[in-house]
Each structure stands twice: as structure tokens, then as C-alpha cells.
Asker: 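Following this message is one structure expressed as C-alpha cells.
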Protein chains: 2
Amino acid sequence: MADLETRELRYFLAVAEELHFGRAADRLGIAQPPLSRAIRQLEHRLGVRLFDRDRRGVALTDAGRVLVREAGTALDAVAAAARRTRRAGSPTRPLVLVTKAGASHELLQELLDTHAGEPGATPVEVLLCEVGEQAGLLREGRADVALMHRPFDDLAGFDTEDLCVEGQVAILPASHPLAARDQLTLAEVQDVPDLPIARWPRLDGSYPDGPGPEVHTQSQLAQLVALGKTLLVIPASSRAWQWPEHVAVPVTDAPDVTTVIAWPPRRHTAAVAALVRTAAGLRPHSHPDAGCAGSARTHRRRLPGAARAGAARAGGGPDGGTD
Amino acid sequence: MADLETRELRYFLAVAEELHFGRAADRLGIAQPPLSRAIRQLEHRLGVRLFDRDRRGVALTDAGRVLVREAGTALDAVAAAARRTRRAGSPTRPLVLVTKAGASHELLQELLDTHAGEPGATPVEVLLCEVGEQAGLLREGRADVALMHRPFDDLAGFDTEDLCVEGQVAILPASHPLAARDQLTLAEVQDVPDLPIARWPRLDGSYPDGPGPEVHTQSQLAQLVALGKTLLVIPASSRAWQWPEHVAVPVTDAPDVTTVIAWPPRRHTAAVAALVRTAAGLRPHSHPDAGCAGSARTHRRRLPGAARAGAARAGGGPDGGTD
DNA sequence: CGACGCTGATACCTGTCGTGTATCACAGCG
DNA sequence: CGCTGTGATACACGACAGGTATCAGCGTCG
């Protein structure tokens, strides 16, 4: 029943990702035979086959697929332990807040200003990332809190507090006929032949099939819209996307987007709790037609307000034990 | 930046718990000098002092306290990885559902019956535990889903779905004057001189100060009530506590208790998703005055119903990706 | 006040096991 | 049928975790 070592999990993940012992060993900086042995030993210890070694290739078994996911979170947890402990020892340790570049800009500005005004507030360092990266950064301990957006981001495993609710707009090339409209529906936007929806890479780096262009950063996508190659539907407060060549048209039946502040569970330091409290108190949980903090400007019009005040929240609040 | 090994974390936790290198080494089954070296090396790698070695004792530093918590969850994650992978490889793998012994009995019965009736349902194995143990079992991968109770249990870090809401009752010795009452308030129950509230052990095993008896299992507490030594306030549907020598009296202003089904985030197997769906569909989310599933019998009277339908929920639902 | 006990730290040796080099066995392919 | 490329095997080496013996400080107690 001997416990697994992180080294074994790293080795396993390398092989699982490369599906090739030689390349995996190369990536790990070791030779291939020891890697083969390590995997074999891991399989023996778990009592489970992790790979099907067919003569011309390696494939994950069902159990292997389970371990891919489990090993990932376990290694994240170990890395987070090291990182958080290091930071706990350093004399000055600002809170790291991560958010998608360009999203909820006014809300963030207001949060930072308000927080900075509180007596004895911990300095906050802002880390901007690309779409979907917040969860990983939080899990690895590279960040303490994140601004995330439901239903886009995966909030599973975090404690969250709703901050504001807003509608979505379609971002179109100004030159396109649809850009003249006052409002749109999802159905109208879904299938515009000359503006196919862009494709983001999957976790493994491959792209789904489809007519749209392949992108992996916001800037690429924004430029493709400006070039008249695609369109997108985003929360009204997202500023980074909105170029002069763009037009934003409210999409009436698009699901509302909730901006939430999220933090790893059971990690309430006093500093995080204070920041969360400040965020929650920014305004009475998003006034029905205020959009998010600040004016949710678009290039064409203000949005029809978002109804449905924030509701959900994971576990216990951010108050509680102080340490 | 070399990664930590789980061995180092286990060593650290042992020392942190014993606060004594000799005893910790003993517990780990190794000699003391290697342990000292390992800790020293760990401190060096992290660049942080973890212990203050005063001449007559070892104490955790701030960074050490952070690592205690982090190492715990990291080791849980590693153990869960091993356990879940093993189970994924075994031919027959029933779902393990854990709940507090005696809690929400009727709801559980109904859930199991309904689930068993579904076509192709995975067999469910029920694991009964003591108060507050569910979270750990879920984190360590010993269980797949849990029935938990808000606000008592710590739901942080899990996905949850509300199942039902109910009021609380005071469990009193039948012989006590208060047992004759129709209903009570928290204030009345809080400070009964001859029925001091029992004390549960803290995480470190020590007991808080106070007049009440020390307990660490439900049965002990139930018997102490029967003996006229203490009282307690619990959800109306908790059956294990209610002996013939007990009387249950509704506490009108006690906070409502929500029974939830919880599972580790990002672990939606099809089987878990199906069970959660069944649970959520058991009835239209707790009818205002139905109490929990089945009749919430007490020895004296039915409870005044619990209002406030379930609201919160953590991350994404249990549907989604099937694997 | 000095001998003793107890703490964790140090010194040094040993055995294990993770690693590298060399090689093999087997499939696909031209 | 040899070539290429895969992962598995054999074996020797070296790093490092672990054990034993001992030391150094600080209580305590006769």
C-alpha cells in the first residue's frame, strides 16, 4: 500500500501526454529504460494496467485515464503547497488576483480602489491571463483569488461569491449587415455563413472541426473580428475585445453572465477574506439594470439590464477562522 | 525549484503533529537523525524555516502552519489518485456513498430505492461515518458521494446539490422539565444549568473548555442524553439519536438544516452524475412543510415545517462531460 | 553544583534503488 | 530481408535515504 511519490506521477503524466516512452523520457531528462521500469512498477503498485502497449503505440487504459486526471490535481496540490509555503515565509507577500485580460475592467478597477482605501489592506498584485487559465493558476497556488465568469469558467472546487450579473453582446465587424441591428438573438448569431464562430484549442492542443478560424488568444480573435472573419458573443463589460472596427449588439436571449470572485476552498487567510468582503460589498449585488460596476459601455448602446440577482455560493463564507 | 516528494510531506506532517522529532521518527518507523536531515533539507528547498527549534521544544512557524494545511490536502489528493485509479481498474466498482450514521435516514432509503430501480444503475455501497468525517473520506477518494448537512458540515471544495430543508429539534432526557414543552427557543436551550452542552474534540484531539461532558461519537452523546447529563439540537430527521428515553422538542429559531449531496469537483463520472440526478429528482426540492423525505417523525410531534427552498450550488452541475 | 536525562544536530557508514549504457525482441516497411 | 523504430531486458554504477554512534545544549534532581 506504499504511497505514490510525486516523481512517479510526473513520469506517468509525461508518458500519458506523449503516448511515447522515448519522447516522454526525453522530456523528463532521463533515459528511456528507467522510465519504462518506473511505469511498470507504478502499475504493479496500483495493481492496475495503465497503458496498453500495442506493438506500434501506447494507449491509455480506462484506469490510466482516471489517473491522468487524478495525478494532475494531485501534482497541482503539491506544487501549490510548495508555492504557498514559500510565500508565507517571504516578508512581503501581496495577494495575487488573477483575471482574464480585458474582462470586468470597471469592476476590477473599483475593487482595487476600494480595497486600497481600507485601513491595513494587503497590497494586491493583479495577474492577467488568457481565457480559462484562472482555475489552473488558483489550483497551483500561483494566485490567491480570481475573478471568473459563470457559466464560462469552471468554478468546480472553488469557493465563490457572486459580484454582478450582466447580459451579453455580439461583437461584429462594423462593416457587416448585422452590425446595423439594434438587437439580436442567439439563433441569428449562431449560424452566419460569412462569420463562422472561431475555434479554441482543446486541452490536448487539438482543434475541433468546423469552418471558423483557429485562435488561442483574445487578441487574435479580436483582430479576426476586425478583419471581418468571425464574430463572438461576450459579456457586455469585456473591454479588451472592443476595437473601433467592432460593433457590439445586445443578444437578448444569451444567458446572463455572472462575475464571481473565487478562491481555493479552506484557504481563508485574513487577507483573502478581507478582499472578498470588499468585493461583495462593492454594491448591493448588482442592481438589476446597472450592468457591472462602472458603465457597461458598448459602442452602440447600453444593454437591456440583466435580471436575476446572484444566488449560488459554494461552501462557508470567507469569514470564519483567522489563523 | 525541484518538486517536493510525498515522503517529505509525510515526514513534515508527522513532526508537525508530534512537535517532537523522536516520536515522529518512531511513528514513521525510521530513526531520528534521517528525519532531522529530511526536514532540514525540506526547509532548505523551500527557502523557509518550518520549525522553531527552541532548546526545549519544537514549534511551527507561520510558514510551517501554512504547510500543515497544504501538505494535508496534497497528500489527500495523492492518496485519492491511487485509490480512485485502483478502483477504476477493478472489474466491479460500486459507488461509495458516505453519510453520518443515523442522519437523513428516510431520505437515504428513498434515494437508494429509487436509484436501484433505475435501469442500468450502478450498485451503491453505503458507508456510515461519525460526525464530520465525510469531507475527509471524499477528499481521500474513499467515497464517491456524500450526504452532508449545511451549515454543520464544511462543504468547501465540493460540488453540491440541495436535497431538502428541515428544522431542528432539541433532544432532551424525557425526565427533564423542558421535555414537557411544545417548543423551545435557542436561548432557552443554550444555557440550561443541569444540561450543559457536550464538547466535541478539536482537530488536534484536545477539548474546548466548558462544563459539558466530552464525547466523540454519536452513541456516547445519545446515551449521555438518556442519562440526563446533556442535551443537543439536531435536524429533525436524525434518527440515531432518538432513544425511548429521549424527547424531541422543536426549536423554533434554530437555523434550518439543508441536506445536500456532495461530490469532489471535476470528478463527474457517469455513475455519480446519475446518482446525483436521481437524488435531485426525488421530490420537487423539499416541499415547504414536508420535512425531509419520509415522515420526519419525532417522539413527540411533527415539526413545524421548514421553509426556504434550496438555493445554493457550487460549480457546474453533475451532467456535462461523460468521459 | 555536578551527574544525569532529554532534546535535536552531526559524522560516517551501508544498502537500496533510481539511473545510464548496451542490447534484445518484435512489428512495420520498402 | 535488412532497416527503422518501438518498448523491454540485463547489468553496472552512483546518489541518497536510512542506520549507528556520538556530540552539544539545557533542563532537572539528588
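Side chains included, hydrogens not; waters and symmetry mates left out as well; all remaining heavy atoms used. To find a chain, count down the sequence lines: A is the first, B the second, and so on, and within it residues start at 1.
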Asker: Which one, D/dA8, C/dG8, C/dG20, comes nearest to the side chain of A/Ser36?
Answerer: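 Nearest to the side chain of A/Ser36 among the choices is D/dA8.
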Asker: Provide the closest heavy-atom pair for A/Arg45 versus A/Asp3 in the form atom of the first, atom of the second, distance.
Answerer: NH1-O, 2.8 Å
Asker: Using a cut-off of strictly less than 4.0 Å, decide whether A/Gln41 has a side-chain nitrogen or oxygen near OP1 or OP2 of C/dG18.
Answerer: yes
Asker: In whole Å, what is the span from the NE2 atom of A/His44 to the C1' atom of D/dA8?
Answerer: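 Interatomic distance, NE2 of A/His44 to C1' of D/dA8: 16 Å.
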Asker: What residues, two or more places apart in sequence or in another chain, satisfy side chain to side chain donor-acceptor pair (under 3.5 Å) together with A/Arg7?
Answerer: none
Asker: Hey, can you tell me if A/Phe51 and A/Phe21 have their rings parallel, tilted or perpendicular (30° and 60° cut-offs)?
Answerer: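 Rings of A/Phe51 and A/Phe21: perpendicular, as their planes differ by over 60°.
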Asker: Can you tell me the distance, in whole Å, between the CD atom of A/Glu5 and the P atom of D/dC16?
Answerer: 15 Å
Asker: Can you tell me how far C1' of C/dG8 sits from CD of B/Glu43, to the nearest Å?
Answerer: 12 Å
Asker: Tell me every residue that passes side chain to side chain donor-acceptor pair (under 3.5 Å) with B/Thr73, counting only those two or more places apart in sequence or in another chain.
Answerer: A/Arg267
Asker: Taking atom P of D/dA17 as reference, at what distance in whole Å does atom CG of B/Leu42 sit?
Answerer: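 Whole-Å distance recorded here is 12 Å.
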Asker: Taking the side chain of A/Val58 as its heavy atoms from C-beta onward, which of C/dG20, D/dA17, D/dG7 lies nearest to it?
Answerer: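 When the side chain of A/Val58 is considered, D/dG7 is the closest of C/dG20, D/dA17, D/dG7.
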Asker: Should B/Arg53 be listed as having a side-chain N or O under 4.0 Å from OP1 or OP2 of C/dT7?
Answerer: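 No, outside the criterion.
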Asker: Check A/Arg84, A/Arg83, A/Arg87 against A/Asp144 for a salt bridge (charged side-chain N to carboxylate O under 4.0 Å, His left out) and give me the one that passes.
Answerer: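 Looking at A/Arg84, A/Arg83, A/Arg87, the match for A/Asp144 under the salt bridge (charged side-chain N to carboxylate O under 4.0 Å, His left out) is A/Arg87.
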Asker: Nearest to the A/Arg40 side chain among D/dA17, D/dA21, D/dT9, which nucleotide is it?
Answerer: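 The listed nucleotide nearest to A/Arg40's side chain is D/dT9.
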Asker: What integer distance in Å separates A/Ile39:CD1 from D/dT9:P?
Answerer: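 Taking atom P of D/dT9 as the reference, CD1 of A/Ile39 is at 14 Å.
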Asker: A/Thr122 versus A/Leu275: any side-chain heavy-atom pair under 4.5 Å?
Answerer: no
Asker: Under 4.0 Å between a Lys/Arg side-chain N and an Asp/Glu carboxylate O for B/Asp26 and B/Arg23?
Answerer: no
Asker: Looking at DNA chain D, which of residues 6-26 of chain B put a heavy atom within less than 4.0 Å of it?
Answerer: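 Hits under 4.0 Å, by residue number: B/Arg7, B/Tyr11.
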Asker: Checking contacts here: which listed nucleotide (D/dG19, C/dT21, D/dA8) is nearest the side-chain heavy atoms of A/Gln32?
Answerer: D/dA8
Asker: Could you state the atom-to-atom distance from CG of A/Leu28 to P of C/dG20 in whole Å?
Answerer: 10 Å
Asker: What nucleotide among D/dT20, D/dG7, D/dG18 has an atom nearest to a side-chain atom of B/Arg37?
Answerer: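 The listed nucleotide nearest to B/Arg37's side chain is D/dG18.
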